Amino acid sequence: MFPIYKKELQSFFYTPFAYAIAALFLLLFALPMANLISDLGKEGSVSANVMPFSFTEMFYSVILYFIFLLPILTMRTFADERKNGTEVLLMTSPVSVAKIVIAKFLANVTVYLFMLAGTIIFPIITAVKGEVVMSQLICAYIGIFCWGLMYIALGMLISALTENSILAAIIGEVVMFILLFIDDFANSGFMSQFPKAQSVLYAFAAQPRFAYFSEGFVRLSDLAFFGSAIIVLLVWTYIAIEKRRWNRG
């Protein structure tokens with residue numbers, strides 16, 4: 001399993017891909033922070049050279065960018081194997097499909113951690129001239145990490161079901177966009193006419209669960225939701241790859 005994990009990391013870090021996506025992520029992360037600081041200044045909330053600042057709103061803004069960045073991160077996971085003709089070698093290797101899926105997932109998670117690590121500079125800058133609410137900050141990072149892992153698993157599943165990496169990215173963005181606003185649709189006036197369907201949709205909504213993380217709360221039910229979603233998506237990915245492996249045989 002480790003050789004596949006290492007190979008995947010090399011495909012990211014031995015090319016400009018990981019650095020380009022991390023730089024774009026940092027840029028998109030910096031924009032809402034600059035806007036929030038500007039708004040605080042306009043409202044006159046900066047006094048005595050101390051800036052009270054919460055990262056709650058900024059993390060909410062960053063979540064929207066996930067639907068553009070994470071599908072780009074995961075689109076090559078399996079689709080490129082078929083495009084480059086290396087899927088046959090992968091499928092005939094002595095490594096089990098489960099280990100292949102886990103290795104590729106861990107490689108994507110490592111790149112994602114690399115992206116998140118760069119954002120630590122923003123709380124540090126804020127702490128120099130302001131006040132960072134550490135409970136909210138830590139919980140928000142836990143929440144955004146769990147959210148990212150779920151989206152990575154989803155992107156891998158879509159990549160396993162498609163034969164083109166660009167198509168995988170487009171489908172991933174559409175699906176993630178729908179999931180991002182599924183709670184708004186569930187709370188709409190139309191869905192209020194169907195309470196049972198509304199409760200089902202709301203059960204799959206991740207955004208309200210992230211709200212608790214961003215406010216400084218870590219609930220076991222929210223961790224179980226993200227953990228269960230990740231496991232289910234990875235199992236579906238395993239089934240999709242295993243089915244294709246048997247079809248080749």
Side-chain angles (χ1 to χ4, degrees), residues 21-22 24-37 52-74 105-127 130-157 172-173 175-187 199 201-234:
I21 196 171
L24 181 58
F25 182 73
L26 288 177
L27 174 62
L28 296 175
F29 204 99
L31 291 177
M33 179 176 182
N35 290 333
L36 285 174
I37 293 175
F53 188 74
S54 171
F55 280 77
T56 301
E57 295 180 35
M58 189 164 68
F59 274 104
Y60 267 117
S61 300
V62 171
I63 284 177
L64 183 61
Y65 302 140
F66 277 9
I67 63 176
F68 299 105
L69 292 181
L70 289 188
I72 296 175
L73 175 65
T74 60
F105 176 70
L106 292 178
N108 282 306
V109 170
T110 302
V111 177
Y112 179 58
L113 284 173
F114 174 73
M115 294 164 55
L116 282 182
T119 65
I120 297 177
I121 187 65
F122 298 106
I124 294 175
I125 293 174
T126 304
E131 299 173 358
V132 176
V133 183
M134 291 303 298
S135 60
Q136 287 186 349
L137 179 65
I138 294 173
C139 291
Y141 265 111
I142 294 174
I144 206 168
F145 178 70
C146 292
W147 190 305
L149 262 58
M150 183 181 70
Y151 273 8
I152 287 172
L154 175 61
M156 287 179 56
L157 173 61
E173 289 176 1
V175 173
M176 291 178 189
F177 186 85
I178 293 173
L179 290 177
L180 184 64
F181 295 103
I182 193 172
D183 61 309
D184 293 330
F185 179 67
N187 291 326
S199 61
L201 286 176
Y202 198 77
F204 287 96
Q207 187 169 340
R209 301 176 187 277
F210 177 76
Y212 286 97
F213 285 105
S214 63
E215 293 171 3
F217 300 100
V218 177
R219 301 190 308 175
L220 184 60
S221 59
D222 298 330
L223 292 175
F225 169 82
F226 285 111
S228 301
I230 293 167
I231 292 173
V232 169
L233 291 169
L234 290 179

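Since the structure is predicted, the reported quantities are computational estimates derived from the model, not experimental observations.
Heavy atoms from other residues, nucleotides or ligands lying under 6.0 Å from CZ of Phe181 number more than 12.
The aromatic rings of Tyr112 and Phe145 sit parallel, their planes meeting at an angle under 30°, below the 60° perpendicular limit. Ring geometry for Phe226 versus Trp147: interplanar angle of 30 to 60°, hence tilted.
Taking CD1 of Ile72 as the reference point, atom CG of Leu24 lies at 7.0 Å (rounded to 0.5 Å). Atom SG of Cys139 and atom OH of Tyr212 lie 13.5 Å apart (nearest 0.5 Å). Residue Leu149 holds its CG atom at 12.5 Å from CG of Leu154, rounded to the nearest 0.5 Å.
Taking every heavy atom of both residues into account, Ala229 and Met150 meet most closely at CB-SD, 3.8 Å. The shortest non-hydrogen separation linking Phe68 to Glu173 is O-OE2, 3.5 Å. When every heavy atom of Cys146 is checked against every heavy atom of Leu223, the shortest pair comes out as SG-CD2, 4.1 Å.
Between the side chains of Thr119 and Tyr141, a donor-acceptor pair is found at a separation under 3.5 Å.
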Walk me through whether Ile21 and Phe114 qualify under side chain to side chain contact (heavy atoms under 4.5 Å, CB included). CA-CA 10 Å; Ile21 196 171; Phe114 174 73; over 6 Å; no
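Taking 4.5 Å as the limit, some side-chain heavy atom of Leu70 sits within range of a side-chain heavy atom of Leu73. Considering only heavy atoms from C-beta on, Phe105 comes within 4.5 Å of Ile230 through its side chain. Put simply, the side chain of Leu233 does not reach to within 4.5 Å of the side chain of Met156, judged on heavy atoms.
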